[in-house]
Amino acid sequence: MTLQAWVQLGLVGAMALAAYQTQLGWLYVMSSLAGGLLLCAWALARLALWRTKLETGPLPQAEAGRPWSWAVRLQVHSPLPETPLQVLAPPPSLRWYHAFFRDALVPADAGYATLSARNSTATMRMPALPRGEYPAPPLLLQCAWPLGLVAVLRLFRAHDTLLVVPRTPFLPQWPTALQGMGQEEESARGRATEGDLLRGVRPYRSGDPLRRIHWRTTARTGQLHTKETEQALTAACCLWLDLASEHHTPATLEHMLEVAAGLLAAAERSGQSVSLASQAGAVQGQSAWRTLGKAQLVTTSVTDGPAGAIALSPRPLPGWRDWATALIVCPPEAPDGPLDGSLVCPVGADIAAVLATGWRA
């Protein structure tokens with residue numbers, strides 16, 4: 001019931017008590033009419049939900065910190081004319097008594113959509129969530145028609161899991177500062193030979209070998225261009241993530257996963273195959289892996305990671321040069337002095353700018 005309904009219910013009770021005390025017939029009539037109005041509002045709202053069903057589409061993959069959408073469909077079998085109905089996804093902080101004591105039909109921070117018999121399909125705009133895995137939020141089908149005094153609710157549950165992935169910064173291409181790094185040994189030995197299939201030509205980027213320059217295009221345009229071969233585009237790369245909980249704060253963990261998500265998306269756009277690895281015993285490893293789109297966690301030791309990998313860590317890793325070709329340090333804030341790392345991308349920094357320009361410690 002809304003606040004207006006409780007006020008009207010109080011007036012009904014006051015008029016009934018006054019009619020009993022004074023024995024005035026017109027007060028009995030007024031209190032009966034006011035009470036009947038509340039009863040009719042409740043009965044019509046329940047009738048509008050009679051045999052009405054709610055179907056939900058598959059849960060999409062949401063991105064941390066950004067609103068997401070969820071498709072819903074309504075099957076209306078009510079004998080009443082077109083009736084507006086609300087589909088609500090209340091925030092988890094709401095308790096059961098909010099259904100009876102509330103100042104608005106749509107709670108704050110709730111996902112909602114308005115449907116009717118003629119508009120039975122809608123897309124709900126849902127509030128942003130932190131990265132992780134969540135059970136599908138329960139949905140409430142609400143009707144407050146025709147007076148908006150009494151809201152009748154029906155609960156629907158979807159048995160599914162919502163996956164919220166890290167926020168993915170846009171990197172238009174594999175970062176120049178990491179060009180040629182992170183290549184696995186087998187891929188490094190076999191990429192970009194003279195007999196490879198030529199897939200295209202692109203502008204020269206710092207770090208490209210001179211033997212891959214396409215001289216005809218360079219002579220025609222006056223700017224250096226590089227050959228892209230089929231094998232070079234599918235060269236494999238490995239990212240090693242330091243997921244040990246004792247090394248992280250919540251901010252550094254999310255920031256490091258955002259850096260990894262941006263690199264994965266850039267590699268996918270450029271046709272590179274990227275694998276992920278981490279140390280054994282990482283507490284948050286399995287959850288982080290699933291939110292990055294990997295079902296299995298490949299574990300290694302901290303001092304002996306995959307050969308040629310690009311390592312990501314919130315701190316400088318001792319001995320990383322023995323097995324990694326690059327280290328991206330993601331500290332809580334910009335360091336005062338140099339760090340033993342190839343790239344430094346502190347929390348709050350523009351990830352795309354740092355990886356593009358190569359902010360070296």
Side-chain angles (χ1 to χ4, degrees), residues 1-56 67 70 72-127 129 134-158:
M1 293 174 62
T2 61
L3 182 61
Q4 295 91 330
W6 285 107
V7 171
Q8 186 168 346
L9 186 60
L11 289 176
V12 170
M15 284 189 293
L17 181 62
Y20 176 76
Q21 294 291 337
T22 60
Q23 296 296 314
L24 293 176
W26 67 270
L27 278 178
Y28 279 113
V29 174
M30 292 294 296
S31 62
S32 300
L33 289 176
L37 186 64
L38 280 177
L39 184 62
C40 286
W42 174 82
L44 288 173
R46 285 192 61 88
L47 187 59
L49 292 182
W50 182 62
R51 294 178 58 191
T52 300
K53 295 182 179 180
L54 183 67
E55 297 178 352
T56 58
W70 195 10
V72 293
R73 183 174 182 273
L74 196 64
Q75 293 184 357
V76 181
H77 301 283
S78 171
L80 296 177
E82 182 178 1
T83 305
L85 306 174
Q86 291 84 37
V87 183
L88 304 177
S93 59
L94 289 184
R95 299 294 183 262
W96 64 270
Y97 48 80
H98 285 100
F100 302 97
F101 302 93
R102 52 180 170 163
D103 56 355
L105 290 176
V106 178
D109 300 327
Y112 77 96
T114 300
L115 301 173
S116 65
R118 296 180 184 175
N119 181 22
S120 59
T121 303
T123 301
M124 297 182 62
R125 185 173 174 83
M126 307 291 285
L129 292 171
Y134 302 89
L139 296 181
L140 295 174
L141 185 59
Q142 170 182 274
C143 181
W145 182 84
L147 302 175
L149 295 175
V150 181
V152 177
L153 303 173
R154 287 188 62 187
L155 178 65
F156 295 87
R157 294 188 181 275

Trainee: First locate atom OG1 of T121, then atom CD of E55, and finally report the distance between them rounded to the nearest 0.5 Å.
Mentor: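 Here the rounded value is 9.5 Å.
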Trainee: State, to 0.1 Å, how close T114 and P84 come at their nearest heavy-atom pair, and which atoms those are.
Mentor: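 Minimum heavy-atom contact is CG2-CB, 4.4 Å.
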Trainee: Please round to the nearest 0.5 Å and tell me the distance separating atom CG of L33 and atom SG of C40.
Mentor: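 So the CG of L33 and the SG of C40 are separated by 10.0 Å.
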Trainee: Looking at CD of Q142 and CG of L115, how far apart are the two atoms once the value is rounded to the nearest 0.5 Å?
Mentor: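 Output value for this atom pair is 12.0 Å.
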Trainee: Between M126 and A89, what is the shortest heavy-atom contact and its length?
Mentor: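 The answer is CE-CB, 3.3 Å.
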Trainee: How many angstroms lie between atom NZ of K53 and atom CZ of R73, to the nearest 0.5 angstrom?
Mentor: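 Rounded to the nearest 0.5 Å, the NZ-CZ separation comes out at 11.5 Å.
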Trainee: Using the side-chain contact (heavy atoms from CB on, under 4.5 Å) rule, pick out the option among T52, L153, L49 that qualifies with C143.
Mentor: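 When T52, L153, L49 are each tested with C143, the side-chain contact (heavy atoms from CB on, under 4.5 Å) holds only for L49.
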Trainee: What closest approach, in Å, do P138 and R157 show between heavy atoms, and which atom pair accounts for it?
Mentor: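 In terms of heavy atoms, the two residues are closest at CB-NH1, 3.8 Å.
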Trainee: Give the minimum heavy-atom separation between A48 and T83, together with the two atoms involved.
Mentor: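 Looking at all heavy atoms of both residues, the shortest contact is CB-CG2, 3.8 Å.
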Trainee: Do the side chains of Q86 and L88 get nearer than 4.5 Å, heavy atoms only?
Mentor: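 Heavy-atom side-chain distance check passes, below 4.5 Å.
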Trainee: Does atom CZ of F156 have more than 12 heavy-atom neighbours, drawn from other residues, nucleotides or ligands, at distances under 6.0 Å?
Mentor: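 Yes - once you tally the heavy atoms of other residues, nucleotides and ligands closer than 6.0 Å, there are more than 12.
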Trainee: Atom CG in L54, atom CG in L139: separation rounded to 0.5 Å?
Mentor: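 That separation rounds to 6.0 Å.
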Trainee: Which heavy atom of Y20 sits nearest to which heavy atom of Y28, and what is that distance?
Mentor: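 So the minimum-distance heavy-atom pair works out to CA-OH, 3.4 Å.
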